[in-house]
Every structure is written in C-alpha cells, then in structure tokens.
Amino acid sequence: MTYDLNGKRVWVAGHRGMVGSAVVRRLASEGCEVITAGRETADLMRQSEVEAFMADAKPDAIVMAAAKVGGILANDTRPAEFLYENLMIEANIVAAAHANDVEKFLFLGSSCIYPKLADQPIAEGSLLTGPLEPTNEWYAIAKIAGIKLAQAYRKQYGRDYISAMPTNLYGPGDNFDLTSSHVMPAIIRKAHEAKVSGASSITVWGTGTPRREFLHADDCADALVFLLKTYSGHEHVNVGSGDDLTILDLTKLVCKVVGFEGEIVHDLSKPDGTPRKLMSADNLRGMGWGPRIALGEGIAETYQWFLQREAAREA
Ligand code: GDP
C-alpha cells in the first residue's frame, strides 16, 4: 500500500453524480472521513469559492469526480460548455489542492482521450499519438489537460497526484435524459417506454455497428479506491472491463433484460462516433484489480433503479 486512507479526510468532488456517489458508497467501508460540497457550498467553476472551501475543509485526499459530462449529441452540440467548464473545474481543484498541501489527488478522465483510430485494445501509451474523435474532442482535450495538470504538479512539486481513465460507465444515478445521456441509459429508457406503451419498435442512433466497452459505476468506484491506496505514478491508468460489444448487441441485451420484444430501428441521421474504443485492462489487472459485476446483472440492477426512480416521481 502506498497511501493509507485510515483517519484521512477525503473530499469526493462531484458526489451527486453517478461516479461520485458510487465512490462515496465505496469509501464508507474504509476508515476515512468523506467530505462533500454541494453547489451551494462551492461552485467548482469559481476559483475563489474552491480556494475558500479547500482552506476550510482541509482534505487530505481528493477524488475528482466532478465534471461536465454527456453523451455523443450533447458533446457534439455544446462544445464550449464541455471544454470551458471541465478546464475550469479541474484547474481550480488541482491548484487549490497543491496550495493546501493535499497529499493525494485522483483525477478522472475518460476513454475518449485516446486517438479515434488507436490500436485496440488501447494501451495508456496511445495518448497523444493521433487525431481525436471529432464528436467529443472538446471534452477529450479538457480531460487530457487534467492528466497533464496532475503530471505537472508531480513533476514540479513532487505531489502524489494520479489519474485514472474509466471506460463508458453505467449504473444507478445515471442520466436518463434522452437528449444528453449516454447510450446505456437511453436504450434502457427507450426499451422500457416502448414496452409500457406497446410500441412495435425502438429507434437507436447510428448504424449500431460501433463497439463500446461498459463498466458498472460500483466496479469503477472500487478500482478508484484501489488506485488511491496502491498507485503512485506519472502515467494515467485505464479502468475498464476488458470486453466490448456492438451497440446493436447492447440494444438486444437491454431489450431482453427489460422485456421488450419489438423491432430495433436505426436513425442514420445521428452520429456513430468513434468505431471502437476498447481499452487495454492489462495494467490494472497486473496490479491485482478486476471487475465483479457482469453486464447483464448490472443492466438489470440499473433498470430496477430506473423503475424505482420513475415510481418515486409519479408518487
Ligand atoms: P460515445 O461513447 O462518446 O460515442 O457516447 P454515447 O454513449 O452517447 O454513444 C455511444 C454509441 O451509441 C454511439 O455510436 C451512438 O450513436 C450510439 N447510440 C445509439 N442509440 C443511442 C441513444 O439513444 N443515445 C446515445 N447517447 N447514443 C446512442
């Protein structure tokens, strides 16, 4: 172990999001104190508010799960928000972490940081070896800057700041808004609504041929806590399941879990995005970590969460 969490104050930035809330749940079984800050306490895009919060809360460690996130259409149509907001949030937090002697900082990126046509499975060393996928390059550039910030503070000041690159995540707490969500919650919602309304088909975006890798948010949180405790290095670490499938196969699996038996129709006016982004899981596996939640099981659990949330909204 390189970092002992016992007795430490750990700030989970972005604790209301899918990943942040999973990290808070996971940290409950560690001997540390979890600190959170809602938007009313600190707007993370405002440097002075981040500085004041950090000076007051004095965290020993930070998990940086706060980010402006969204699916392919949101990224493609709101580039300014995705670039500007992510740059501001990460720059404010890293600088304030250093100023307040935060011992350990874990930055979270995304698999979209890699070149569009990177060799598959994508090893960490592929970063910055080719052009990015245009639909999400704004988000990717911001996340690459975040990795570089962590590396720069390590190089110049000897800080133990590290980065993890999770693959496409899903699970309880995901965003199910069809205009801004990622594919998994969108398909769950579409299949559910078609089943309930008795519709004969659901429509998925693009050709259905792109391949994507998925990891449950609770598996991701477990990997992040593992890295927090055991990893100290310059290079970012991929966090994935090591398996991928086509969007069409994902849709079929979701339909089976949800119980929708109709047709699958393709909307070819919507983008496919990058053809494939399976990350190499070798590095993290070599350190001794692997995922536990199988895809079908995770989808079933996420669907139950969605149903409960819908029922609570209607009540
Ligand atoms: P990406 O991994 O950055 O491309 O983000 P997404 O999760 O939004 O999209 C993954 C793939 O799923 C893309 O090829 C989309 O075109 C496809 N897809 C199919 N149907 C949907 C949908 O209803 N919503 C979203 N967001 N993507 C969809």
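Atoms within each ligand, like the ligands themselves, are counted from 1 in listed order.
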Q. Where is the nearest protein heavy atom to atom 14 (O) of ligand 1: which residue, which atom, and how far?
A. Asp272 O, 2.6 Å
Q | Identity and separation of the nearest protein heavy atom to atom 20 (N) of ligand 1 | A | Trp205 N, 2.9 Å
Q. Which of the numbered atoms in ligand 1 are below 4.0 angstrom from a heavy atom of Ala186?
A. 22 (C), 23 (O), 24 (N)
(Q) For a quick check under 3.5 Å, do Glu263 and Ser201 share a side-chain donor-acceptor pair by atom type? (A) no
Q: Just need the protein heavy atom nearest to atom 11 (C) of ligand 1, so name the residue and atom and give the distance.
A: Ile247 CD1, 3.6 Å
**Q.** Proximity of Tyr157 and His98 rings by center, below 6.0 Å
**A.** yes
(Q) Taking 4.0 angstrom as the limit and counting only heavy atoms of Pro210, give me the atoms of ligand 1 inside it, by number and element. (A) 14 (O)
Q. Are side-chain N/O atoms of Asp160 and Ser232 paired as donor and acceptor at under 3.5 Å?
A. yes
Q | Donor-acceptor pair between Ser269 and Asp267 side chains, under 3.5 angstrom | A | yes
**Q.** Residues Asn238 and Tyr114: side-chain donor-acceptor under 3.5 angstrom
**A.** yes
**Q.** Identity and separation of the nearest protein heavy atom to atom 8 (O) of ligand 1
**A.** Ile72 N, 2.8 Å
Q) For ligand 1, which atoms sit closer than 4.0 Å to a heavy atom of Lys190? A) 22 (C), 23 (O)
Q: Decide if the gap between the ring center of Tyr84 and the ring center of Trp138 is smaller than 6.0 angstrom.
A: no
**Q.** Element-labelled atoms of ligand 1 that are located less than 4.0 Å from some non-hydrogen atom of Lys277
**A.** 1 (P), 2 (O), 3 (O)
Under 3.5 Å, sequence neighbours excluded: what are the donor-acceptor pairs made by side chains of residues 288-301?
from, atom 1, to, atom 2, distance (Å)
Trp289, NE1, Asp222, OD2, 2.9
Arg292, NH2, Asp222, OD2, 3.2
Glu301, OE1, His216, NE2, 2.5

Q. What protein heavy atom sits nearest atom 26 (N) of ligand 1, and how far off is it?
A. Ser181 O, 3.0 Å
Q | Partners passing salt bridge (Lys or Arg N to Asp or Glu O under 4.0 Å) against Arg313 (at least two apart in sequence or in another chain) | A | none
**Q.** Shortest protein contact, atom 7 (O) of ligand 1 (heavy atom only)
**A.** Val183 N, 2.9 Å
Q | Interfacing atoms of ligand 1 (cut-off 4.0 Å, heavy-atom, Asn136) | A | 3 (O)
Q: Mark up the atoms of ligand 1 that fall under 4.0 Å of a heavy atom belonging to Asn168, in ascending order.
A: 2 (O)
Q: Any atoms of ligand 1 less than 4.0 Å from a non-hydrogen atom of Gly71? List them with their elements.
A: 8 (O)
Q) Between Phe107 and Tyr161, does the ring centroid distance fall short of 6.0 Å? A) no
Q | Pro271 neighbourhood, listing ligand 1 atoms whose heavy-atom distance to it stays under 4.0 Å | A | 15 (C), 16 (O)
(Q) What I want to check is whether the side chains of Asn175 and Asp177 have a donor and an acceptor closer together than 3.5 Å. (A) no
Q. Nearest to atom 4 (O) of ligand 1, what protein heavy atom do you find, and at what distance?
A. Arg212 NH2, 2.9 Å
